[in-house]
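Structure, as structure tokens:
Quick note: residue numbers are just sequence positions, from 1. Just so it is clear, the structure is predicted and the values come from calculations on it, not from any experiment. Only this structure's heavy atoms are used, side chains among them; waters, hydrogens and symmetry mates stay out.
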Amino acid sequence: MSAEDRAVGEPERLHPLFLLTGLGAALRGVGGAYALIAYLAVTGRLGMAIIGGTLLLVVTGIGLMLYWRRFEYRVGSSEIRIDSGIFSRTHRSIPFDRVQDVDITQGPVARLLGLATVKFETGGSAGSEEGVLRAVALERAESLREMIRAYRSEAPPAEAAGVEHDRPAIYAMSLRRLLLAGLFNFSLAVFAVLFGLSQTMGDVIGFDPLSRSFWETVLSASEPLQRLLLANQVLTAIAGLLSLVLVGVATGIVRTFLRDYGFRLDRTETGLRRRRGLVTLTDVSLPVRRAQAAIVATGPVRERFGWSELKLQSLARDEGGGGDHVLAPLASPGETDSILAALGWRPVPRPVPWDRVSRAYAWVLTFAIFPLFLVAIGQILFIPLVGLVMILVFAVVLAERWLSWRRTGFVLDGDRLLVRSGWWRRRTLVLPIRRIQSIDLKHNLISRWFGTGSLVFGVAGGRGYSDH
């Protein structure tokens, strides 16, 4: 071992169980091979399909073994070095003073095996795969994070961790709050997908709540209800739509529990720490100095009851790969203000003296789709149902646009810009002026005719925010 290698610590490998946890991700990356194997099986060449599947597993297993054997990392007193690559080698050194924080994620299999994925958040490596250790024992992952935090805070690891544990959570979700958030997470997209599946594949999957035969089967044990419901076609349609709504609500609740179970937000020495997840447990750190903007999101129903969702646009990547981090899935105005205060930001004033944008915000879209509207009217003469559906869609789009115009506004609030937009998806953007990287003025043929344009504010992290 060279003097350089000794200076950065002894070489360590990923946990041997990486060969098991990494198998799923490796197989997901070869979707084309599945299509070929399925084609062979469907066309009657079952033997070749079995051979192909076996070869796929063998080749994937050999690749994982070589990757594991060639992957090493060394932890020194002031940096971590990661050596990776089977044929083309990459040697990367990450100084501790460049690491903003360490994120720990556990999938369902990893939780059962006591493993975790460790991601080193640095100022210039957002989303980089080279700063990730994919299968490390949970104890080792936590010790790495405490070591780096202690280095940055110049405090012993036990003391640095103890300070965080002694603080009360800034925000946490109870089971009641989870259920309520799930009810608000009913998605029209899910409803549309369920409706489309019931109409196109209802007979195949046995789920078409808008058909009489479906309710004849469901209510076969209750003849009075069967007669009442099937006697009126309108009641059958209403029952079908309500069943789709109930399935959509249940889907929203399940998704919320899986994603946000155990949600807890804490203040750390460098920013915020968020933990959540029922099946996949994520432990993410959000350094304050990497925060770019805050978004308070709500809707007509949620706003009526005083609830909203708070997101943070950050240079750090969320587990989904984006820059939007949910800080509070369902929060009251007081809770939102407390979280913003933990970031060192002022709360959003109430009420806000909004400057409304030009009516051209709505008129531009109206003129743009007017020719399509005329086509829909003409379509009624040939296929009345299609024409009526097209007109209904255009009417909904235009109605939402005009309602959004009434809520779209902006105001300069000291050293920050506040922007409000949307009617169904209501957003209030809190954008510090010092975080704005660029300002673009955009206009098209119709907007120039109205003498207006759109301002797009560029923010580090890949997100542009627009005003009109």
Exercise for the section: Walk me through it: do Tyr361 and Arg401 pass the test side-chain contact (heavy atoms from CB on, under 4.5 Å)? Expected result: CA-CA 8 Å; Tyr361 174 76; Arg401 188 71 165 187; 3.7 Å; yes
Practice task
Apply side-chain contact (heavy atoms from CB on, under 4.5 Å) to the pair Val364 and Trp449, showing each step before the final yes or no.
Solution key: CA-CA 9 Å; Val364 168; Trp449 187 69; over 6 Å; no
Exercise for the section: Test side-chain contact (heavy atoms from CB on, under 4.5 Å) on Gln106 and Leu115 and set out the steps. Expected result: CA-CA 7 Å; Gln106 286 184 286; Leu115 303 179; 5.9 Å; no
Exercise for the section: Decide side-chain contact (heavy atoms from CB on, under 4.5 Å) for Phe71 and Ile82; before the verdict, give the C-alpha distance in whole Å, the side-chain angles of both, and the deciding distance to 0.1 Å. Expected result: CA-CA 8 Å; Phe71 189 100; Ile82 300 177; 3.6 Å; yes
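With rounding to the nearest 0.5 Å, the separation of CG in Leu179 from CE in Met173 is 10.0 Å. Rounding to the nearest 0.5 Å places CZ of Arg426 at 9.0 Å from OG of Ser404. Between Glu400 atom CD and Arg425 atom CZ the span is 10.0 Å, to the nearest 0.5 Å. Here the straight-line distance linking atom CD of Glu335 with atom CG of Leu340 works out to 12.0 Å at 0.5 Å rounding. Taking OH of Tyr73 as the start and OG of Ser84 as the end, the distance is 14.0 Å to the nearest 0.5 Å. The line from CG of Leu178 to CG of Leu183 is 11.0 Å long, rounded to the nearest 0.5 Å.
Using a distance-only test at 3.5 Å, with no hydrogens or angles considered, no donor-acceptor pair links the side chain of Arg259 to the main chain of Thr256. At least one donor-acceptor pair closer than 3.5 Å links the side chain of Arg267 to the backbone N or O of Gly271. Checked by atom type and distance alone, the side chain of Thr280 never pairs as donor or acceptor with a backbone atom of Gly107 at under 3.5 Å. The backbone N or O of Arg290 sits less than 3.5 Å from a side-chain atom of Gln292, completing a donor-acceptor pair. Of the possible polar contacts, none joining the Arg274 side chain to the His325 backbone as a donor-acceptor pair under 3.5 Å is found. Listed for the Ser358 side chain is a donor-acceptor partner under 3.5 Å among the backbone atoms of Ala360. At least one donor-acceptor pair closer than 3.5 Å links the side chain of Arg177 to the backbone N or O of Leu330. Looking at Asp355, its side chain never comes within 3.5 Å of a backbone N or O of Val411 through a donor-acceptor pair. Arg427 contributes no side-chain N or O that, together with a main-chain N or O of Gly422, makes up a donor-acceptor pair within less than 3.5 Å. For Ser308 (side chain) and Arg302 (main-chain N/O), no donor-acceptor pair under 3.5 Å exists by modelled atom type.
Under a cut-off of 6.0 angstrom, the local environment of OH in Tyr261 is sparse, with at most 12 non-hydrogen atoms contributed by other residues, nucleotides or ligands. Within 6.0 Å of the CZ atom in Arg304, the count of heavy atoms belonging to other residues, nucleotides or ligands does not exceed 12. Within 6.0 Å of atom CZ in Arg448, more than 12 heavy atoms from other residues, nucleotides or ligands are found, so the atom counts as buried in its surroundings. In Arg356, the CZ atom is crowded: over 12 heavy atoms of neighbouring residues, nucleotides or ligands sit closer than 6.0 Å.
Considering every non-hydrogen atom in both Thr408 and Ser421, the closest pair reads OG1-CA, 3.9 Å. Considering every non-hydrogen atom in both Leu138 and Ala116, the closest pair reads CD1-CB, 4.0 Å. For the residue pair Ser93 and Pro95, the shortest heavy atom distance occurs at O-CD, 3.6 Å. Considering every non-hydrogen atom in both Pro287 and Ser285, the closest pair reads CD-O, 3.5 Å.
By the 4.5 Å heavy-atom criterion applied to side chains, Thr452 and His443 are not counted as neighbours. Between Met147 and Phe96 there is a side-chain heavy-atom pair separated by less than 4.5 Å. No side-chain heavy atom of Tyr171 sits less than 4.5 Å from a side-chain heavy atom of Leu310. At least one side-chain heavy atom of Arg346 sits less than 4.5 Å from a side-chain heavy atom of Asp415. Between Phe18 and Val136, every side-chain heavy-atom pair lies at or beyond the 4.5 Å cut-off. Within the 4.5 Å cutoff, the side chain of Arg255 has heavy atoms near those of the Thr251 side chain. Contact annotation: the side chain of Leu133 approaches that of Phe120 to within less than 4.5 Å [non-hydrogen atoms, C-beta and beyond]. With contacts defined as side-chain heavy-atom distances shorter than 4.5 Å, the pair Ile104/Glu142 qualifies.
Paired with Val288 under the rule side chain to side chain contact (heavy atoms under 4.5 Å, CB included), one option of Leu312, Leu343, Thr268 passes, and it is Leu343. Just one residue in the list Arg264, Arg275, Arg145 forms a side-chain hydrogen bond (donor to acceptor under 3.5 Å, both in side chains) with Asp283, and that residue is Arg145.
Using bins of under 30°, 30° to 60° and over 60° for the plane-to-plane angle, the ring pair Trp405/Trp402 lands in the perpendicular bin. Between Phe184 and Phe305, the ring planes lie tilted relative to each other; the angle falls in the 30° to 60° range.
Partners of Pro347 under the side-chain contact (heavy atoms from CB on, under 4.5 Å) rule, at least two apart in sequence or in another chain, are Asp337. Taking the salt bridge (Lys or Arg N to Asp or Glu O under 4.0 Å) definition, one finds that Arg420 meets it with nothing, sequence neighbours left out.
Residues Asp266 and Arg273 are not paired through a salt bridge, judged by the lack of any N-O separation under 4.0 Å between the basic side chain and the carboxylate.
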Under 3.5 Å, side-chain donor or acceptor atoms of residues 429-442 against the rest of the protein: list the pairs with distances, not counting sequence neighbours.
unit_1: Arg435; atom_1: NE; unit_2: Ala291; atom_2: O; d: 3.1
unit_1: Arg435; atom_1: NH2; unit_2: Arg289; atom_2: O; d: 3.4
unit_1: Arg435; atom_1: NH2; unit_2: Ala291; atom_2: O; d: 3.4

